[in-house]
Amino acid sequence: MNASKIDSPMVSMVSLVGAGPGDPDLLTVKALKRLQAAEVVLVDDLVDARVLALLPPQARILRVGKRGGCVSTEQRFIHELMIREARSGARVVRLKGGDPFVFGRGGEEVTALRAAGIEVEVVSGLTAGIAAPASVGIPVTDRRHAPGVAFVTGHRQNGEDSPNWQALARSGLTLVVYMGLSTAEGLVAELLAGGLAADTPAAAIAAAHTERQRQAITTLGELAQTLEREQIRSPAILVIGQVVREALPSLALQAGLELRLSSA
Ligand code: SAH
């Protein structure tokens, strides 16, 4: 046995698991297996209660959501907690909403765990940026409307660069915005300034694949007012681009828009 093996007799491992957007039927089979075998689970705010109900009754659930907390300190705390639990030999699952590597700080957690000599396995999940639009019939890369999609965040911490909205406005890509509610007014203004037409179709989908789902279909020019009027609350995905035309006909009609309902 070599020296490092003597220092840590068991191989510590953490599974970084994507819980998908809500509905437990959207978990991967691998995610379900990891949940069922978990002994310690560190859970974010956005994980649906129905997913947590799949954990074995004896699993220890540690809620490490960041709502209202001091983000940087808490992230370090989460790293330390994971490392401690993994070193104790427990089967540790780090459970995150959607996909762990899409706006989930999964990358930072992998770096911290590896630096501590702990193996990490990443179990991808269905990200809200795809699943929320799909829940109302929007195909984010429909080639009849857009050559691709950009996943961007509307929320930046101090010192982090904001997305270049004006460049995105000119990109022709479908824009899928995570965490964009509080900054919606500003990002709409930037997109308009970048040359995106005010009548560009836009959608907002809140709490997709949960019992609280709400959605609204509108235009870029009316997006901010629509969010207010339709009481769209976090967590929500914004979709901006011609692909929104493919939304379920009933929704587009409700919005009173002259959207082409099918490109056939
Ligand atoms: N890792 C997650 C994203 C985490 S960032 C993923 O891949 O989905 C948190 C943001 O994700 C929220 O502010 C919201 O923009 C979006 N989000 C997460 N779950 C959602 C859901 N069920 N419906 C709509 N948006 C959701």
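Note that this is a predicted model, so its numbers are computed, not measured. Basis for what follows: all heavy atoms, side chains included, without hydrogens, waters or symmetry-related copies. Just follow the structure's listing: the first ligand is 1, and inside any ligand the first atom is 1.
- Comparing Gly180, Gly97, Gly129, Gly125 against atom 2 (C) of ligand 1, the shortest heavy-atom distance belongs to Gly97.
- Between Leu175 and the choices Val239, Leu191, Val140, the side chain to side chain contact (heavy atoms under 4.5 Å, CB included) rule is met once, by Leu191.
- Protein heavy atom at the shortest distance from atom 9 (C) of ligand 1 is Leu46 CD1, 3.5 Å.
- Only the backbone of Ala236 comes within 4.0 Å of ligand 1, counting heavy atoms alone; no side-chain atom from C-beta on gets that close.
- Within the 3.5 Å criterion, the main-chain N or O of Ala37 finds a donor-acceptor partner in the side chain of Arg91.
- Of the protein's non-hydrogen atoms, the one nearest atom 19 (N) of ligand 1 is Ala128 CB, 3.8 Å.
- Remark: ligand 1 atoms within the under-4.0 Å shell around heavy atoms of Ile237 are 15 (O), 16 (C), 24 (C), 25 (N).
- Atoms of ligand 1 found under 4.0 Å from any heavy atom of Ile205 (numbered from 1 in listed order, with element): 24 (C).
- Contact annotation: the side chain of Leu16 approaches that of Val110 to within less than 4.5 Å [non-hydrogen atoms, C-beta and beyond].
- Looking only at heavy atoms of the protein, atom 13 (O) of ligand 1 is closest to Met179 CG, 3.1 Å.
- Nearest protein neighbour of atom 5 (S) of ligand 1, counting heavy atoms only, is Phe103 O, 3.4 Å.
- Residues Leu46 and Lys96 fail the side-chain proximity criterion, which asks for heavy atoms closer than 4.5 Å.
- For the residues Val102, Val177, Ile232, the heavy atom positioned nearest atom 3 (C) of ligand 1 is part of Val102.
- Nearest residue to atom 12 (C) of ligand 1 from Pro235, Ser135, Gly98, Pro21 is Pro235 (criterion: closest heavy atom).
- Residues Glu246 and His145 have side chains in contact (heavy-atom distance under 4.5 Å, counting atoms from C-beta outward).
- Within the 4.5 Å cutoff, no side-chain heavy atoms of His155 are placed close to those of Thr183.
- Looking only at side-chain heavy atoms (C-beta outward), Glu109 and Ile78 come within less than 4.5 Å of each other.
- Annotation for ligand 1: atoms under 4.0 Å from non-hydrogen atoms of Asp99 are 1 (N), 6 (C), 7 (O).
- Residue Ala207 touches ligand 1 through its backbone alone, judged by heavy-atom distances below 4.0 Å.
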Exercise. Given Leu113 and Met82, is the side chain to side chain contact (heavy atoms under 4.5 Å, CB included) satisfied, shown in steps?
Worked result: CA-CA 8 Å; Leu113 289 164; Met82 276 194 296; 4.0 Å; yes
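- Environment of CZ in Arg63: sparse, with no more than 12 heavy atoms of neighbouring residues, nucleotides or ligands closer than 6.0 Å.
- Heavy-atom proximity to atom 7 (O) of ligand 1, evaluated over Thr127, Asp44, Leu238, Thr210, is greatest for Thr127.
- Remark: minimum distance from atom 11 (O) of ligand 1 to any protein heavy atom is reached at Tyr178 CD2, 3.5 Å.
- Taking each of Gly22, Ser234, Gly104, Ala208 in turn, the one with a heavy atom nearest to atom 22 (N) of ligand 1 proves to be Ala208.
- Evaluated for a side chain to side chain contact (heavy atoms under 4.5 Å, CB included) with Val64, the options Val43, Leu81, Asp45 yield exactly one hit, Leu81.
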